[in-house]
2 protein chains.
Amino acid sequence: MIDPAAAADEQLSRYMAERGLKHTRQRSLIVQTFVRAGGHSSVDEILATVKRQDARVSVATVYRTMKLLADCGVATALDFGDGQVRYEPAAGRHHHDHLVCTSCGRIVEFENDRIEALQQTVAKRHGFQVSSHRMELYGTCRDCLASGRAPPS
Amino acid sequence: MIDPAAAADEQLSRYMAERGLKHTRQRSLIVQTFVRAGGHSSVDEILATVKRQDARVSVATVYRTMKLLADCGVATALDFGDGQVRYEPAAGRHHHDHLVCTSCGRIVEFENDRIEALQQTVAKRHGFQVSSHRMELYGTCRDCLASGRAPPS
DNA sequence: CTCAGTGCAAAGTCTTTGCACGATT
DNA sequence: AATCGTGCAAAGACTTTGCACTGAG
């Protein structure tokens, strides 16, 4: 089990077997495509890649499958405010947040325990019990800064 | 100038005067409605309130006006991931982030300089120059915890 | 053989836009 | 009077859904 795509497929299989869902060719193809993409994929992107192997797969199936993956813990839904949902593999990964380059779209992940701790403190101060959060830092990445690509002001 | 709604209207007037835009009845009505709502309003909510005073105002005008307000610094656009843009008054306000109750929808604002500082540190470590960020903590508010409203698991 | 899954196209949201009419400067 | 703004409805982008057919178990 060295291949993460195969691992995800396995995890999905177990989840489905447990509740009488079916392991179809399309689902298998979508999971593997998604995992191999490495992260932050939109449904459109996944569909485009999937179609190279099977042109008859429909958007609807990708939407339905990604939702399924989110439910069974294989994928996490992201929203970078660009009007479409994105997904990243979740399997065995620690929580993290994102740096988003507004020039080239590059996405870098980071985690910072001190920020997380402070968030808990803030929440407690207001009587909230936090169940999740989202944090994205938008700006210009190293490469875009270096190449002088102007930050869209 | 004690009334913030009037103040915002003024600010908008100046902005418009500077660039030959027109100060219409609709715009005035929308700004005041928006400011009086106090914050985190969706276009739909603003429209509903506006229509009580003038039923003939259209959605399009509210969308256009809110965009104008965002451009002139009177409003800030928010995205809580619920599929619609929200706006809050920006005039003279310091940056802040949000706690969102997933049970009752309540929104509490907070600011925390230490978190902001840590964000800068993280960004720098990755070579990013941050221009903006968003951070929302989702969970259950004090009241919902007290009244036993189950956090939607 | 049965029931879940799929493809397709229609429908649903939220938001934007084209256009002729109306209102402000 | 000259333009900008407005209302309306159509169009767009993304996502969901109804339905008949297909295919996995």
Side-chain angles (χ1 to χ4, degrees), chain A residues 9-10 12-34 40-48 50-72 74-75 77-87, chain B residues 9-10 12-34 40-48 50-72 74-75 77-87:
Chain A
D9 204 8
E10 280 269 337
L12 179 61
S13 295
R14 274 196 297 278
Y15 178 87
M16 294 192 298
E18 280 167 15
R19 51 204 84 197
L21 303 178
K22 292 174 180 174
H23 194 175
T24 67
R25 181 175 35 84
Q26 290 92 327
R27 283 178 178 174
S28 212
L29 184 50
I30 292 168
V31 186
Q32 299 198 19
T33 300
F34 160 64
H40 321 123
S41 319
S42 67
V43 168
D44 254 15
E45 291 164 357
I46 296 169
L47 179 64
V50 164
K51 282 205 163 176
R52 272 181 235 136
Q53 294 201 44
D54 180 348
R56 294 172 11 181
V57 174
S58 74
V59 217
T61 299
V62 178
Y63 274 108
R64 289 188 274 231
T65 302
M66 293 316 297
K67 202 147 274 179
L68 183 61
L69 292 184
D71 288 344
C72 73
V74 167
L78 305 173
D79 170 11
F80 293 151
D82 64 344
Q84 53 185 193
V85 183
R86 291 177 177 278
Y87 290 93
Chain B
D9 205 7
E10 280 269 338
L12 179 62
S13 294
R14 274 195 297 277
Y15 179 87
M16 293 193 298
E18 280 167 17
R19 51 204 86 196
L21 303 178
K22 291 173 181 174
H23 194 174
T24 67
R25 182 175 35 84
Q26 290 92 326
R27 284 178 177 173
S28 211
L29 184 51
I30 292 169
V31 186
Q32 299 198 17
T33 300
F34 161 64
H40 321 120
S41 319
S42 68
V43 168
D44 254 15
E45 291 164 358
I46 296 169
L47 178 64
V50 163
K51 282 205 162 174
R52 274 182 234 134
Q53 293 200 43
D54 180 348
R56 294 172 10 181
V57 174
S58 76
V59 216
T61 298
V62 178
Y63 274 108
R64 289 188 275 232
T65 302
M66 293 317 297
K67 201 147 274 179
L68 183 62
L69 292 183
D71 288 344
C72 74
V74 167
L78 305 174
D79 171 10
F80 293 151
D82 64 342
Q84 52 185 196
V85 184
R86 291 177 177 278
Y87 290 94

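Letters A, B, ... are given to chains in the order of the sequence lines, protein chains preceding strands, and every chain is numbered from 1. Computed from a prediction, not measured in an experiment: that's the story for all the values here.
Residues passing the side-chain hydrogen bond (donor to acceptor under 3.5 Å, both in side chains) test with A:Thr61, sequence neighbours excluded: A:Ser58. Every residue meeting the side-chain contact (heavy atoms from CB on, under 4.5 Å) condition with A:Val50, not counting sequence neighbours, appears here in chain and number order: A:Leu29, A:Ile30, A:Thr33, A:Ile46, A:Val57. Annotation: ring-ring contact (aromatic ring centres under 6.0 Å, His included) contacts of B:Tyr63 (sequence neighbours excluded): none. Remark: A:Gln84 pairs with A:Arg86 by the side-chain hydrogen bond (donor to acceptor under 3.5 Å, both in side chains) rule, at least two apart or across chains. Here B:Asp44 pairs with nothing under the side-chain hydrogen bond (donor to acceptor under 3.5 Å, both in side chains) rule; sequence neighbours left out.
To the nearest angstrom, P of D:dC14 lies 9 Å from CG of A:Asp82. The distance from atom CG of A:Leu78 to atom P of D:dC14 is 17 Å, rounded to the nearest whole Å.
A residue-by-residue look at B:Val85 and A:Val57 shows that A:Val57 has its nearest nucleotide of DNA chain C further toward the 5' end. Summary of the strand contacts: B:Arg86 and B:Leu21 both lie near DNA chain C, and taking for each the nucleotide with the nearest heavy atom, the more 5' one is attributed to B:Arg86.
Phosphate proximity of D:dG5 to B:Thr61: absent, as no side-chain N or O sits under 4.0 Å from OP1 or OP2.
Among the nucleotides D:dT15, D:dT6, D:dA2, the one closest to any side-chain atom of B:Lys22 is D:dA2.
Relative ring orientation between B:Phe80 and B:His40 is described as tilted, the plane-to-plane angle lying within the 30° to 60° band.
At a threshold of 4.0 angstrom between heavy atoms, the contacts of B:Arg25 with the nucleic acid are absent.
Bounding nucleotides for the chain A contact on DNA chain C, 5' to 3', at a heavy-atom distance below 4.0 Å, are C:dC3 to C:dC8.
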